[in-house]
Amino acid sequence: MIDGSPDYRDFGLEFPSDFVFGSATASYQIEGAAHEDGRGPSIWDTFSHTAGKIVNGDTGDSACDHYHRVESDLDLMAELGLESYRFSIAWPRIQAEGTGAPNEKGLAFYGRLVDGLLERGIRPIATLYHWDLPQALEDRGGWTNRDTAYRFADYAHHVGEALGDRVSMWTTLNEPWCSAYLGYGSGAHAPGRMNGADALTAVHHLNLAHGLGLVALRDVARNDPQYSATLNLHVVRGEEEPRSEESRAEAIRRIDALANRAFTGPMLRGEYPADLIEDTAGVTDWAFVQPGDTALIQQPIDVLGVNYYSTVTVRMWDGVSPRVNADGHKDMGGSPWPGSEHVEFLPQAGPYTDMGWNIAPDGLEDLLVDLHEQFPGLPLMVTENGAAFPDEVVDGRVRDVERIDYLRRHFTAAHRAMQRGVDLRGYQVWSLLDNFEWGYGYTKRFGIVHVDYETQQRTLKDSAHWYRELISSRRIPQ
């Protein structure tokens with residue numbers, strides 16, 4: 001371990017000149033303009049308009065109105081000194097039905113965004129899929145339909161043709177774990193299905209889409225960009241006083257297989273873990289994996305994106321006492337853990353964010369070091385990290401001291417990982433703006449910029465000023 005404060009509250013730590021400081025958003029969470037300029041409905045439009053799915057019945061119809069305020073939001077990014085901006089492209093804004101010729105108005109919007117970033121000296125990091133699948137494709141099976149992966153490749157080709165001379169880094173998928181397990185297993189995310197076999201089928205077709213998408217992008221990119229995928233890899237820990245070391249190891253292994261190795265296996269090693277297939281044999285026979293698929297999935301990438309917010313603590317359930325399921329995800333009745341419903345998720349020690357997630361910066365350090373040791377030579381980037389707190393504007397100011405403390409501790413964790421040899425290329429704070437927080441609607445605020453959803457007024461929080469100082473000085477402020 002690197003010497004420093006045991007609680008990760010270091011300051012003065014310096015980042016190298018080529019380390020990229022940025023911030024991140026997602027299309028459905030900020031854009032609004034849900035029915036304008038040829039955009040078709042996504043699964044999140046359908047899901048958010050279904051009674052009982054979203055807190056307060058909120059939808060992303062208007063969100064942060066970024067679609068109409070892109071120029072002023074770009075100016076705000078420049079004011080903060082961002083060196084990069086990670087955004088996602090709304091597939092139904094490019095292809096309303098998920099197929100066919102691209103919508104020129106949709107492509108033009110992202111062209112203006114990318115051009116505006118470059119004019120301000122900000123590196124564009126474009127994510128092709130941040131969960132807003134065209135509803136028409138879901139009507140044909142969504143991610144349980146193998147054809148969706150090929151439609152994704154066509155979509156990637158169209159976007160790459162339009163922006164492939166200007167985007168600095170392409171990311172195929174954001175958090176396919178959420179898309180598959182929360183969307184098709186637990187029912188907490190769109191499209192809201194609750195079927196373990198569907199969830200595992202979606203895992204594979206998302207992985208396949210990643211590989212096919214990279215091939216499509218490489219065919220049309222003209223500016224030598226970097227290629228990546230972003231995974232929300234779980235930091236899985238066992239209970240401190242387990243019933244046995246064997247049961248402790250078994251619980252960790254099972255969840256690591258479902259949450260992490262289901263994606264890193266095919267993407268980075270060209271195979272699915274044998275123990276994952278064995279664990280889930282009672283759910284599916286994996287017949288959806290066709291010969292040659294894993295070779296297609298294992299395309300070379302330049303950077304692996306890492307999203308991190310909290311840890312999970314697991315143990316094997318005794319089958320008698322009430323099963324504990326504090327996995328940090330909204331409970332809608334289904335399970336995001338097919339084949340491992342006999343693993344328990346234990347409550348963790350605080351402090352907590354407004355999401356109820358534990359604050360554990362050591363988990364980020366451990367994750368980065370573990371990935372470095374598993375995949376030596378693969379550069380990493382923190383593509384999301386941040387925290388929700390119940391912020392308020394008082395006298396024109398948002399004093400979000402808890403978020404500043406959170407960011408200080410996690411940047412310290414990242415720095416310590418680099419000191420331990422991790423090739424970490426950058427850090428994208430989640431999120432630039434308060435936004436539509438999926439199943440929680442507008443009740444959770446992750447932004448370093450406060451958004452008044454009635455007036456769309458933006459207010460820089462104290463954390464934004466802190467981050468601007470970090471970027472300009474390249475040192476963690478005191």
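Between Asp7 and Arg409 there is no salt bridge, since no side-chain N of the basic residue sits under 4.0 Å from a carboxylate O of the acidic one. Salt bridge annotation for Arg151-Asp154: present, with a cationic side-chain nitrogen under 4.0 angstrom from a carboxylate oxygen. Under a 4.0 Å N-O distance rule, the pair Lys105/Glu36 does not qualify as a salt bridge. Asp73 and Arg458 are joined by a salt bridge, as a carboxylate oxygen and a charged side-chain nitrogen come within less than 4.0 angstrom of each other. Look at Arg237 and Asp366 and you find a salt bridge, because one of the NZ, NE, NH1 or NH2 atoms lies within 4.0 Å of a carboxylate O, short of that distance. Between Glu71 and Arg112 there is no salt bridge, since none of the side-chain N atoms of the basic residue sits less than 4.0 Å from a carboxylate O of the acidic one. A salt bridge does not link Glu97 to Arg140: none of the charged side-chain nitrogens sits closer than 4.0 Å to a carboxylate oxygen. Using a cut-off of 4.0 Å between Lys/Arg side-chain N and Asp/Glu carboxylate O, Arg39 and Asp132 are scored as not salt-bridged.
Using modelled atom types and a 3.5 Å distance limit, the side chains of Asp198 and Thr144 yield no donor-acceptor pair. Side-chain polar atoms of Gln457 and Asp452 form no donor-acceptor pair below 3.5 angstrom. For the residue pair Thr280 and Trp286, a side-chain donor N or O sits within less than 3.5 Å of a side-chain acceptor on the partner. In this model, no donor atom of one side chain and acceptor atom of the other lie less than 3.5 Å apart for Asn207 and Asp293. No side-chain donor-acceptor contact under 3.5 Å links Gln299 and Tyr227. Under the 3.5 Å distance criterion, with hydrogens and angles disregarded, a donor-acceptor pair is assigned to the side chains of Ser42 and Asp45. For the residue pair Tyr406 and Asn385, a side-chain donor N or O sits within less than 3.5 Å of a side-chain acceptor on the partner. No side-chain donor-acceptor contact under 3.5 Å links Thr230 and Thr171. Side chains of His210 and Thr172: a donor on one and an acceptor on the other come within 3.5 Å. Judged by distance alone, the side chains of Gln374 and Thr264 never bring a donor and an acceptor atom under 3.5 Å apart. Side chains of Tyr427 and His410: a donor-acceptor N/O pair is absent below 3.5 angstrom, by distance only.
Looking at Ile277 and Val289, their side chains never come closer than 4.5 Å, going by heavy atoms from C-beta outward. Between Cys178 and Asn232 there is a side-chain heavy-atom pair separated by less than 4.5 Å. Side-chain contact between Met267 and Ile301 is absent, with no heavy-atom pair separated by less than 4.5 Å.
Residues His204 and Tyr272 place their aromatic rings such that the two centres sit under 6.0 Å apart. A distance below 6.0 Å separates the ring centres of Tyr129 and Trp143.
With rounding to the nearest 0.5 Å, the separation of CG in Asp139 from OG1 in Thr46 is 7.5 Å. If you take NE2 on His329 and OG on Ser335, they are separated by 10.5 Å, rounding to the nearest 0.5 Å. Here the straight-line distance linking atom CG of Leu82 with atom CE of Met77 works out to 7.0 Å at 0.5 Å rounding. Atom CD of Glu175 is separated from atom CG of Leu233 by 9.5 Å, given to the nearest 0.5 angstrom. Atom OG1 in Thr25 sits 8.0 Å away from atom CD in Glu31 (nearest 0.5 Å). Arg193 contributes atom CZ, which lies 13.0 Å from atom OG of Ser186 (distance to the nearest 0.5 angstrom).
When all heavy atoms of Phe47 and Gly187 are compared, the pair lying nearest together is CZ-O, 3.6 Å. Of all the heavy atoms in Phe389 and Tyr352, the pair that sits closest is CE2-O, 4.0 Å. Taking every heavy atom of both residues into account, Ile54 and Lys330 meet most closely at CA-NZ, 4.2 Å. The nearest pair of heavy atoms linking Val203 to Phe263 is CG1-CE2, 3.9 Å. Closest heavy-atom contact between Ala199 and Tyr181: CB-CD2, 4.1 Å. The two atoms that bring Pro124 and Leu117 nearest to each other are CB-CD1, 3.9 Å, heavy atoms only.
Not a single donor-acceptor pair under 3.5 Å links the side chain of Arg403 to the backbone N or O of Ala464. A side-chain donor-acceptor contact under 3.5 Å links Asp400 to the backbone of Asp462. Between the Asn307 side chain and the Glu384 main chain, a donor and an acceptor come within less than 3.5 Å of each other. A donor-acceptor pair is defined here as one N or O able to donate and one able to accept, closer than 3.5 Å; no such pair exists between the side chain of Glu344 and the backbone of Arg315. Judged by distance alone, with hydrogens and angles left aside, the side-chain atoms of Thr294 form no donor-acceptor pair with the main-chain N or O of Pro266 at under 3.5 Å. Side chain of Gln95 to main chain of Pro102: no donor-acceptor pair is present (N/O by atom type, distance under 3.5 Å, no hydrogens or angles). Using a distance-only test at 3.5 Å, with no hydrogens or angles considered, a donor-acceptor pair links the side chain of Ser23 to the main chain of Leu432. Ser84 places no side-chain N or O within donor-acceptor distance of the main-chain N or O of Arg123, the cut-off being under 3.5 Å. No donor-acceptor pair closer than 3.5 Å links the side chain of Arg254 to the backbone N or O of His342. Of the possible donor and acceptor atoms, one in the side chain of Tyr155 sits under 3.5 Å from a partner among the backbone N and O of Leu128.
Heavy-atom contacts from other residues, nucleotides or ligands closer than 6.0 Å to CD of Glu392 number 12 or fewer. Taking a 6.0 Å sphere around CD of Gln290, one finds it holds more than 12 heavy atoms contributed by other residues, nucleotides or ligands. Counting non-hydrogen atoms of neighbouring residues, nucleotides and ligands closer than 6.0 angstrom, the CZ atom of Arg399 exceeds 12 such neighbours.
Ring geometry for His66 against Phe109 counts as perpendicular: the plane angle is over 60°, on a 0 to 90° scale with 30° as the lower cut. Under the 30°/60° scheme for interplanar angles, the aromatic rings of Phe436 and Tyr28 are found to stand perpendicular.
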Worked check of side-chain contact (heavy atoms from CB on, under 4.5 Å) between Trp177 and His234: CA-CA 10 Å; Trp177 183 91; His234 287 53; 3.8 Å; yes
Val382/Phe411 under side-chain contact (heavy atoms from CB on, under 4.5 Å): CA gap, chis, key distance, verdict: CA-CA 10 Å; Val382 176; Phe411 271 103; over 6 Å; no
Working for side-chain contact (heavy atoms from CB on, under 4.5 Å), residues Arg146 and Phe288: CA-CA 8 Å; Arg146 182 181 177 89; Phe288 44 76; over 6 Å; no
Residues Glu104, Leu107; criterion side-chain contact (heavy atoms from CB on, under 4.5 Å); working and verdict: CA-CA 5 Å; Glu104 293 302 327; Leu107 291 174; 4.1 Å; yes
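Listed by chain and residue number, nothing satisfies the side chain to side chain donor-acceptor pair (under 3.5 Å) test with Asn195 (two or more places apart in sequence, or in another chain). Under the rule for a ring pair (Phe, Tyr, Trp, His ring centres under 6.0 Å), the partners of Phe345 that lie at least two apart in sequence or sit in another chain are Trp337.
Among Asp391, Asp58, Asp354, Asp434, the one residue that satisfies the salt bridge (Lys or Arg N to Asp or Glu O under 4.0 Å) test with Lys444 is Asp354.
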